[in-house]
Amino acid sequence: TRGRAIVVDIGGTTTDVASIVDGRPEITADGASVAGHHTMVEAIDLTTSGLGGDSEVRTDIGDAAFGLGPTRAIPLSRLAGRHPDIVDALASELASPTSRGQGRFPLSAEGVPAGEEPTVGSSARVSTFTPTDAAVVLGWVEAKPVEREAATLGAELLARRSDPQGTKIADSAAAFAELVIDQLIARSAALVVAAARKADQLDAHPLPQGDEILEAGLRHHRGFLAVDVAVDADLVAVGAAASSYYPEVANRIGARLVAPQHGDVANAVGAAVGTVRVEAQLTITRPRAGRYEVHGAISTIDRGCAYRTLDDAKVAALEALTAEVVETATAEGAERETLEVVDRWRASTAMVAGREL
């Protein structure tokens, strides 16, 4: 690899994006960014967006023909697998030329259509058309006939609605499904590019005319202005929906796609085989010549423990650090430790009243 990568985890509800440098994720003291807000707890520098395979397709968003998310919905195809009678309800909506229905089914607290007993098993409170349904319509995923019929009817319902210019959104269920998939891929590509800009510390500098240049680059615009945007890093895509959408995402941004084995269940695999990583640090000060003190929140170091030379202080600090990280890793569940000693010694000196401190 080129020593750097962008890792994307797309699930049913959200897409999580992080950058990797030299095999390690970037860490931020501000915490993960969720909907533009920081959690303020030191963690992997992760950006979460309300975009997933089960994002609700909405047509009530104003200037655009439709949008995705940020709320999650039960896909119509999945609901039909448990409750085939919703196909009749969708067909009835479609048969009415005056119907403004969008194929939405409110669910009870147990995740089922009102008045029905069988459970669907989700926290979502509505079932409607989603990118998962679009993939079913296009034959990207296997589905039962009743599931495919429900997804197709839902697509037809939304396709005949009007965009802000008064034109029908699409001419067929397949055409509408392609629009939904294209929007998901375009937004996913934009998330990856945004992560690359952040990793390069370019996000503090606004692009000309907002994001228009960036969007043109993602479309590989050709006119008086020729604009291309590419990501010079491996794109590691995991999550249940990754294999469906991210080959095209990688193609659009010119990145090499890495699809790990069992990537669709990467979170479960990671929980089972992941490593425990512990870091610790100490500070050495020289309050006066011939005296070096070691400071830090480590139990084996006495406050202001003093040594005659800097080398002696470093040896003592390293021994204390080693004991601390091994003990902490064992307490956190590590079955065996692999100790990596990285020379991260950083010296800061200053002249105060003619003395070097």
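Count residues from 1 along the sequence.
For the atom pair NE2 (His221) and CD (Glu215), the distance works out to 12.5 Å, reported to the nearest 0.5 Å. Interatomic distance, OG1 of Thr132 versus CD1 of Ile181, reported as 8.0 Å (0.5 Å rounding). Going from atom CZ of Arg187 over to atom OG of Ser49 covers 5.5 Å, rounded to the nearest 0.5 Å. In this structure, CD1 in Ile169 is found 11.5 Å from CZ in Arg160, a value given to the nearest 0.5 Å. In this structure, the separation between CG on Leu76 and CZ on Arg148 is 14.0 Å, given to the nearest 0.5 Å.
Thr285 places no side-chain N or O within donor-acceptor distance of the main-chain N or O of Pro287, the cut-off being under 3.5 Å. Although no hydrogens or angles enter the test, the distance criterion places no donor-acceptor pair under 3.5 Å between the side chain of Arg256 and the main chain of Asp234. Remark: side-chain polar atoms of Ser55 are paired, donor with acceptor, to backbone N or O of Gly52 under 3.5 angstrom. Judged purely by atom type and a 3.5 angstrom limit, Glu147 uses its side chain to pair as donor or acceptor with the backbone of Lys144.
In this structure, the side chains of Ile253 and Val229 stay at 4.5 Å or more apart for every pair of heavy atoms. Contact annotation: the side chain of Trp345 approaches that of Ile284 to within less than 4.5 Å [non-hydrogen atoms, C-beta and beyond]. Using a 4.5 Å cut-off on side-chain heavy atoms (C-beta onward), Val258 and Leu235 make no contact. In this structure the side chain of Val294 never reaches within 4.5 angstrom of the side chain of Thr283, judged on heavy atoms.
Applying the salt bridge (charged side-chain N to carboxylate O under 4.0 Å, His left out) test to residues at least two apart or on different chains, none of the pairs has a partner in residues 306-316. The side-chain hydrogen bond (donor to acceptor under 3.5 Å, both in side chains) pairs that include a residue from residues 167-184 are Asp182-Arg252, where partners are two or more places apart or lie in different chains. For residues 238-285, no residue pair satisfies the ring pair (Phe, Tyr, Trp, His ring centres under 6.0 Å) rule, not counting sequence neighbours.
Residues Val231 and Val249 are members of one and the same hydrophobic cluster, defined by side-chain heavy-atom contacts under 4.5 angstrom among Ile, Leu, Val, Met, Phe, Trp and Tyr. Taking hydrophobic clusters as Ile, Leu, Val, Met, Phe, Trp and Tyr residues chained together by side-chain heavy-atom distances below 4.5 Å, Ile74 shares a cluster with Ile86.
Residues passing the side chain to side chain contact (heavy atoms under 4.5 Å, CB included) test with Ala316 are Tyr307, sequence neighbours excluded. In this structure, Gln281 has no side chain to side chain contact (heavy atoms under 4.5 Å, CB included) partners at least two apart in sequence or on a different chain. Scored by the side chain to side chain donor-acceptor pair (under 3.5 Å) test, Ser188 finds no partners at all (sequence neighbours excluded). Scanning for salt bridge (charged side-chain N to carboxylate O under 4.0 Å, His left out) contacts around Glu279 gives Arg277, Arg344, with sequence neighbours left out. Listed by chain and number, the residues in a salt bridge (charged side-chain N to carboxylate O under 4.0 Å, His left out) with Arg58 are Asp60 (sequence neighbours excluded). For the side chain to side chain donor-acceptor pair (under 3.5 Å) test, no residue two or more places apart in sequence or in another chain qualifies with Thr328. Taking Phe66 as the reference, Phe176 meet the ring pair (Phe, Tyr, Trp, His ring centres under 6.0 Å) condition, with sequence neighbours excluded. Qualifying side chain to side chain donor-acceptor pair (under 3.5 Å) partners for His220, counting only residues two or more places apart in sequence or in other chains: Asp228.
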Got a list of side-chain donor-acceptor pairs under 3.5 Å for residues 12-21, not counting sequence neighbours?
{"residue": "Thr13", "atom": "OG1", "partner": "Arg72", "partner atom": "NH1", "Å": "3.3"}
{"residue": "Thr15", "atom": "OG1", "partner": "Leu51", "partner atom": "O", "Å": "2.5"}
{"residue": "Asp16", "atom": "OD1", "partner": "Thr48", "partner atom": "OG1", "Å": "2.8"}

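Checked for salt-bridge contact, Asp232 and Arg4 meet the test: a charged N lies under 4.0 Å from a carboxylate O.
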For Arg78 and Asp133, what are the C-alpha separation, side-chain angles and deciding distance, and is it a salt bridge (Lys or Arg N to Asp or Glu O under 4.0 Å)? CA-CA 8 Å; Arg78 191 176 304 160; Asp133 292 310; over 6 Å; no
